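The structure under discussion appears below in the form of structure tokens.
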Amino acid sequence: MNRSELLFLYDVSWTNPNEDPVDENKPRIDEETGRNIVTDVRLKRTIRDYLHEYRQQEIFVREIADEEGILQDAKHRAEDFLLIDGEKVSKSQIKTIGEMKSIIRSNMLRDCIDVRLFGGTIPIEKSAKEKSSITLTGPVQFQFGSSLHRVKLEYIKGTGAFASGDGQTRKTFREEYVLPYSLLSFYGIVNEKAAVHTEMKEEDVFFLLDGMWNGTKNLISRSKVGQQPRLLLRIVYGQDGFHIGELNKLVSFTSEKTEEAIRYVTDGVLQIGPLIEKLETEREKITHIEYKMDEQLITSSDFVEECVRIGIEATPLEL
């Protein structure tokens, strides 16, 4: 497996892409720049949920509750993978905590795509006195996502469907904060060195890309509906240990409208000139580029034609 970098753009319309629980669940906005922020944790949650629900991939980080609704904690989740020859064994059957860690680690990496992709720190407890953890650095790392323009925060208040209490004639009120529009950009990197330790394979990377694109399209809940993937690039390198870095800084979004007035992706143009210039400079270190682009996205030049011009193979992603 070679090192690769990811650039992912998606937009949201009249929704809240990532609530801030310490600020009334408002969308996260950088006070200095006025730009919308989405955490890497939110994107990873999108990918995990999609791969589990739509691609039948096992994931380690998911909510599991007992019959009384009590959620499973991380150490008990880890014990789900205390298996020998596919059969569950008790902790008392294991001689040492080191052996317990080895069994759980092996089964977890075999079964859980999210651990192979993102790593994790998993607590292990054999007894009250024997505690440890498994720590794996994820090969796939994302920076926080940020909108390519300033956004406008809208406060919406409405009435609920039910009365506010016994004997009341008035309905309850609901209130929420949404963004009329935000075009978000995420930068990520796939580290081939860390992939060795989590046993991540090229097939896992395909599932990752599938989860980014189609997971975003399938965020179909009242608070998340209205999100659309627009661009996904994977730049694959041939030179060991090399990557360009900060691909998200090499694109920008320009519009004749004021930034806060942008309401759709066709309101502006994605400027890719600096990205193309950098790709041309480093083309000898790039083996190929994989891409998927929404037809509504307008770019300053044709990306595929530019790749042909500078001599880099560009392959469409079949997602």
Side-chain angles (χ1 to χ4, degrees), residues 5-47 118 138 140-157 175-191 212 215-216 219 221 223-233 235 243-279 294 296-300:
E5 286 183 287
L6 307 172
L7 178 64
F8 180 46
L9 271 60
Y10 70 97
D11 59 10
V12 305
S13 178
W14 291 102
T15 191
N16 184 345
N18 189 200
E19 299 94 342
D20 186 348
V22 299
D23 189 18
E24 303 178 71
N25 284 330
K26 296 177 183 177
R28 300 175 190 268
I29 297 177
D30 183 339
E31 293 181 0
E32 294 296 323
T33 65
R35 296 192 175 196
N36 177 210
I37 302 296
V38 174
T39 68
D40 61 322
V41 174
R42 173 61 260 181
L43 179 58
K44 289 175 181 177
R45 183 74 269 160
T46 297
I47 296 166
F118 307 132
V140 179
Q141 298 293 337
F142 293 105
Q143 291 182 346
F144 279 17
S146 175
S147 63
L148 295 175
H149 55 93
R150 295 177 63 89
V151 296
K152 183 179 182 181
L153 182 65
E154 291 278 6
Y155 172 70
I156 297 175
K157 192 168 185 177
E175 54 185 37
E176 59 189 316
Y177 293 90
V178 298
L179 300 179
Y181 188 76
S182 176
L183 177 61
L184 289 148
S185 171
F186 264 96
Y187 166 73
I189 186 165
V190 180
N191 182 352
M212 293 170 71
T216 299
L219 287 171
S221 67
S223 64
K224 292 291 182 287
V225 70
Q227 307 197 37
Q228 183 72 21
R230 299 298 183 184
L231 175 68
L232 177 56
L233 299 181
I235 302 174
H243 63 277
I244 291 172
E246 294 189 318
L247 301 179
N248 55 322
K249 305 298 184 185
L250 299 176
V251 297
S252 59
F253 192 68
T254 57
S255 174
E256 294 182 356
K257 296 183 175 183
T258 61
E259 294 187 32
E260 293 90 341
I262 295 170
R263 291 295 180 270
Y264 195 63
V265 69
T266 54
D267 286 348
V269 176
L270 184 69
Q271 302 293 334
I272 62 172
L275 174 63
I276 298 299
E277 290 178 10
K278 191 64 176 177
L279 293 176
D294 182 76
Q296 295 295 317
L297 180 67
I298 302 170
T299 55
S300 55

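All values reported here derive from a predicted model rather than from experimental measurement. The basis for the numbers below is simple: all heavy atoms, side chains too, and nothing from hydrogens, waters or symmetry mates. One-based numbering along the sequence shown.
The side-chain hydrogen bond (donor to acceptor under 3.5 Å, both in side chains) test with E260 is passed by exactly one of H149, K152, R150: R150. No option in Q228, R45, R42 other than R42 meets the side chain to side chain contact (heavy atoms under 4.5 Å, CB included) test with L219.
Contact detail for I272 and T299: the closest heavy-atom pair is CD1-CB, 4.3 Å. E175 approaches Y155 most closely through the heavy-atom pair OE1-OH, 2.7 Å.
More than 12 heavy atoms of other residues, nucleotides or ligands lie within 6.0 Å of NZ in K224, so this atom counts as buried by the packing criterion.
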Take L247 and L233 through the side chain to side chain contact (heavy atoms under 4.5 Å, CB included) test and state the conclusion after the steps.
-> CA-CA 10 Å; L247 301 179; L233 299 181; 5.9 Å; no
- Item | Check against side chain to side chain contact (heavy atoms under 4.5 Å, CB included), L153 and L179 | CA-CA 5 Å; L153 182 65; L179 300 179; 4.1 Å; yes
Take L270 and L148, measure what side chain to side chain contact (heavy atoms under 4.5 Å, CB included) needs, and give me the verdict at the end. CA-CA 9 Å; L270 184 69; L148 295 175; 3.9 Å; yes
F253 and I262: CA distance, side-chain angles, deciding distance, side chain to side chain contact (heavy atoms under 4.5 Å, CB included) verdict
CA-CA 10 Å; F253 192 68; I262 295 170; 3.9 Å; yes
Could you walk me through whether D11 and Y181 satisfy the side chain to side chain donor-acceptor pair (under 3.5 Å) test, starting with their C-alpha distance in whole Å, then the side-chain angles of each, then the deciding distance to 0.1 Å, before giving a yes or no? CA-CA 7 Å; D11 59 10; Y181 188 76; 2.8 Å; yes
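Between the side chain of S147 and the backbone N or O of R35 there is no donor-acceptor pair closer than 3.5 Å.
Judged by the 6.0 Å distance and 45° axis criteria, R230 is positioned over the aromatic ring of Y264.
With sequence neighbours excluded, the residues forming a side chain to side chain donor-acceptor pair (under 3.5 Å) with K257 are D267, listed by chain and number. Under the rule for a side chain to side chain donor-acceptor pair (under 3.5 Å), the partners of E5 that lie at least two apart in sequence or sit in another chain are Y187, Y237.
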